[in-house]
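Note that ligands are numbered from 1 as they come in the structure, with each ligand's atoms numbered from 1 the same way.
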Amino acid sequence: MSYIQTKRWNVNKSMNLQNKEKYLQEAAQWIKQGNVVAFPTETVYGLGGNALDSDAVKEIFRAKGRPNDNPLIVHIADRAQLDELVTEIPEVAEKLMKAYWPGPLTLIFKASDRVPSDVTAGLDTVAVRMPSHPVARELLLKADVPVAAPSANLSGRPSPTTADHVWTDLAGRIAGVIDGGPTGVGLESTVLDISGQHPVIFRPGGITLEQIAEVAADVELDQALVTEGQAPKSPGMKYTHYAPKGSLTLVRDPDRIHELVASETAQGNRVGVLTTENRQHKYKADFVFACGADGDLAKTAALLYNGLRQFDDHHIDVIYSEVFPESGVGAAVMNRLLKAAGGRIIE
Ligand code: TXA
Ligand code: MG
């Protein structure tokens, strides 16, 4: 692959408004011209290209090294953009959009012929979301095209929550990165299928099951999220994902972690522990990451991917992680941790 000079635009809060305007205009122009550009959203950084330009979409897959059977989410800034992407808008979708758009909720609709099959990976449905991050919104408005955007990481790596994460994975492979500071939610959007009889959660995320149930009481979880060995309906969920380089195992009983750490250390491995501020000081490992405080699941979600990447920065071979409560956004935290661990959990 040839090396591309990757541009970096800083539009952080401290930037003067004129430059910010100029940078976003330029990045939007590049997207219109068929280039791919990484940008912040309220969940994680996305790698965006014109969703209606099949070549731009192919470029996204190439840059990430993403398997092409894994469809992309189309990002829009304006409700009117939805009409050309989908064939029908069920009533429940109207309610959900009213309640949670813009925000971290992706909805799966029946796709129109306008959506290239590269975006949908050949499915007859398309995933659409309206991000709430001001930089994402401004960029989408200026680009004035729907923007296909997966998380802006190399395929298989933890999703990026800062522009530096994007840089580490994709510098030299993409046209540019807009640095808008760290993202807020820290985990990806909830993927909800509303194209069938009942709304079905394919991927837990920023909008919780409880929040969806307030609007759509008949919401269900995809069986693959509940039962082991079931094929997930969301193609992306079948890949080992979000993974640090070291081998990660979840451990239900924190007391067990001490002996596991000691045993791996004795074998000459560099060992890491993922815990919370409450027990951080109890572990004697090469690197201990405190993922928020007990009970503060929003903070845990916001820090998780950054933490997983830090184990790599510390060259950790073996990682043990505590488990987290599965209520609210905790469901998404545990979903990502289990995926990162390839399902390994010591009960
Ligand atoms: O928060 C997010 O959703 C971020 C930001 C950048 O918006 N994007 C993101 O994209 O996480 P990605 O590509 O990493 O994950 C998209 C997920 C994958 O699991 C994919 O399989 C699923 O959505 N998906 C996309 N289109 C689908 C479809 N038509 N049917 C079922 N699943 C779909
Ligand atoms: Mg991803």
Next on the checklist: Regarding ligand 1, does Arg129 bring an N or O atom to under 3.5 Å of one of the ligand's N or O atoms?
Outcome noted: yes
Checklist entry - Hey, does His75 come in under 3.5 Å of ligand 1, counting only N/O atoms on both sides? => result yes
Item to check | Arg79 charged N/C atom sitting above Trp101 aromatic ring, 6.0 Å / 45° | outcome: no
Item to check | Side-chain touch Phe39/Val166, heavy atoms, less than 4.5 angstrom | outcome: no
Next on the checklist: For atom 8 (N) of ligand 1, which of the options Pro67, Ala149, Pro131 provides the nearest non-hydrogen atom?
Outcome noted: Ala149
Checklist entry - Is Ser189 reaching over with its side chain to a backbone N or O of Leu105, donor-acceptor style, under 3.5 angstrom? => result no
Item to check | Interfacing atoms of ligand 1 (cut-off 4.0 Å, heavy-atom, Thr125) | outcome: 28 (C), 29 (N), 30 (N)
Checklist entry - Should Asp222 and Arg203 count as an ion pair when the cut-off is N to O under 4.0 Å? => result no
Next on the checklist: Is there a side-chain hydrogen bond (donor to acceptor under 3.5 Å, both in side chains) between Arg129 and Thr43? Walk through the geometry before answering.
Outcome noted: CA-CA 12 Å; Arg129 96 171 184 96; Thr43 57; 3.1 Å; yes
Item to check | Ile108 heavy atom under 4.0 Å from ligand 1 | outcome: yes
Next on the checklist: Can you confirm, on distance only, whether ligand 1 has an N/O atom lying under 3.5 Å from any N/O atom belonging to Lys64?
Outcome noted: no
Next on the checklist: Glu188 versus ligand 1: do any nitrogen or oxygen atoms come within less than 3.5 Å of each other?
Outcome noted: no
